[in-house]
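Step one of this worksheet: look at the structure below.
Scope of the values below: all heavy atoms of this structure, side chains included, with no hydrogens, waters or symmetry mates.
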Amino acid sequence: MSDTVSVDAKRILLRYGAPISVLDKIPEADRIEFARIITRTTLAEREAKLRALLVERGYTQPKG
């Protein structure tokens with residue numbers, strides 16, 4: 001993948017709430033996949049969708 005795509009994916013995930021410490025553990029391919037999913041999600045649902053993806057794939061624990 002292009003470095004530009006990878007950097008853009010990381011920016012998208014950070015913008016919608018992915019913690020930096022978690023992002024550093026996510027492989028580049030998953031970051032790009034998550035960013036593509038998030039950009040197809042409605043604006044109001046992006047943060048929740050990203051949190052759900054991170055929990056679903058085991059990168060974070062559910063809140064609460």
Side-chain angles (χ1 to χ4, degrees):
M1 283 288 155
S2 167
D3 286 340
T4 304
V5 173
S6 180
V7 169
D8 287 345
K10 193 170 185 176
R11 285 182 184 151
I12 289 167
L13 298 178
L14 285 169
R15 169 176 267 164
Y16 293 106
I20 292 173
S21 61
V22 171
L23 256 184
D24 290 339
K25 297 174 187 172
I26 300 173
E28 183 177 312
D30 282 352
R31 285 186 205 162
I32 293 168
E33 178 187 356
F34 290 172
R36 287 180 175 158
I37 291 168
I38 295 306
T39 57
R40 291 187 212 124
T41 305
T42 62
L43 189 58
E45 298 174 353
R46 288 181 180 180
E47 285 185 50
K49 180 67 174 180
L50 179 56
R51 280 193 301 269
L53 283 170
L54 294 173
V55 169
E56 178 182 305
R57 300 281 180 97
Y59 293 113
T60 62
Q61 297 296 317
K63 285 188 175 183

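- Contact check on D24 versus K10 returns a salt bridge, with a Lys/Arg side-chain nitrogen under 4.0 Å from an Asp/Glu carboxylate oxygen.
- Of the residues listed (V7, L14, L13), the one engaging R11 in a side chain to side chain contact (heavy atoms under 4.5 Å, CB included) is V7, and it is the only one.
- Cluster membership check: Y16 shares its hydrophobic cluster with V22, using side-chain heavy-atom separations under 4.5 Å among Ile, Leu, Val, Met, Phe, Trp and Tyr.
- Note: the hydrophobic cluster containing Y59 also contains I37 (ILVMFWY, side chain heavy atoms under 4.5 Å, direct or indirect links).
- Scanning both residues, R46 and T39, for their nearest heavy atoms gives NH2-O, 3.2 Å.
- Rounded to the nearest 0.5 Å, atoms CG (D30) and NZ (K25) are 14.5 Å apart.
- Both L54 and I38 sit in one connected hydrophobic cluster of ILVMFWY residues. Membership requires side-chain heavy atoms under 4.5 Å apart, directly or through other members.
- Criterion: ILVMFWY side-chain heavy atoms under 4.5 Å apart, direct or through other members. Under it, L53 and L43 are part of a common hydrophobic cluster.
- F34 is connected to I12 through a chain of hydrophobic side-chain contacts under 4.5 Å among Ile, Leu, Val, Met, Phe, Trp and Tyr, so both are in one cluster.
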Report task. Tell me, with the steps shown, if R31 and L23 meet side-chain contact (heavy atoms from CB on, under 4.5 Å). Result -> CA-CA 8 Å; R31 285 186 205 162; L23 256 184; 4.1 Å; yes
